Amino acid sequence: MFKRNCGATTSNAYVIAVRGSATAFDGGDDTNWVFLTDAGHTRAAWEGKDVLRIHRAAGSDVFLEVRVFRGMQIRYNDEPL
């Protein structure tokens with residue numbers, strides 16, 4: 001997960017991206033993004049080899065929410081802010 005500054009007239013965006021451990025981080029590579037929100041109260045944890053659980057702030061704006069990515073399941077929980 002990383003925070004992306006989108007400019008002076010917009011709020012920050014928080015991105016969860018999935019990449020292989022041997023792949024260098026590239027915040028501009030949106031092909032690996034699976035979740036995008038305006039809320040920093042977001043966290044992710046692996047539940048198994050092919051299941052990622054994302055805990056997101058209830059009521060936050062969500063701009064991208066992928067459910068299946070490269071054969072992996074992504075599950076979501078809403079939590080109070």
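Everything numeric here is computed off the predicted structure, so don't read it as measured data.
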A.B. asks: Is the closest side-chain heavy-atom distance between T42 and E79 below 4.5 Å?
C.D. replies: no
A.B. asks: How many angstroms lie between atom CZ of R67 and atom CZ of R75, to the nearest 0.5 angstrom?
C.D. replies: 10.5 Å
A.B. asks: Do the side-chain N and O atoms of N77 and R53 include a donor-acceptor pair separated by under 3.5 angstrom?
C.D. replies: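 There is such a pair between these side chains.
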A.B. asks: Taking D38 for its side chain and D61 for its backbone only, find out whether a donor-acceptor pair lies under 3.5 Å.
C.D. replies: yes
A.B. asks: So which residues get pulled into V34's cluster when ILVMFWY side chains under 4.5 Å apart are joined, directly or through others?
C.D. replies: M1, F2, Y14, V15, I16, V18, F25, W33, F35, L36, W46, L52, I54, V62, F63, L64, V66, F69, M72, I74, Y76
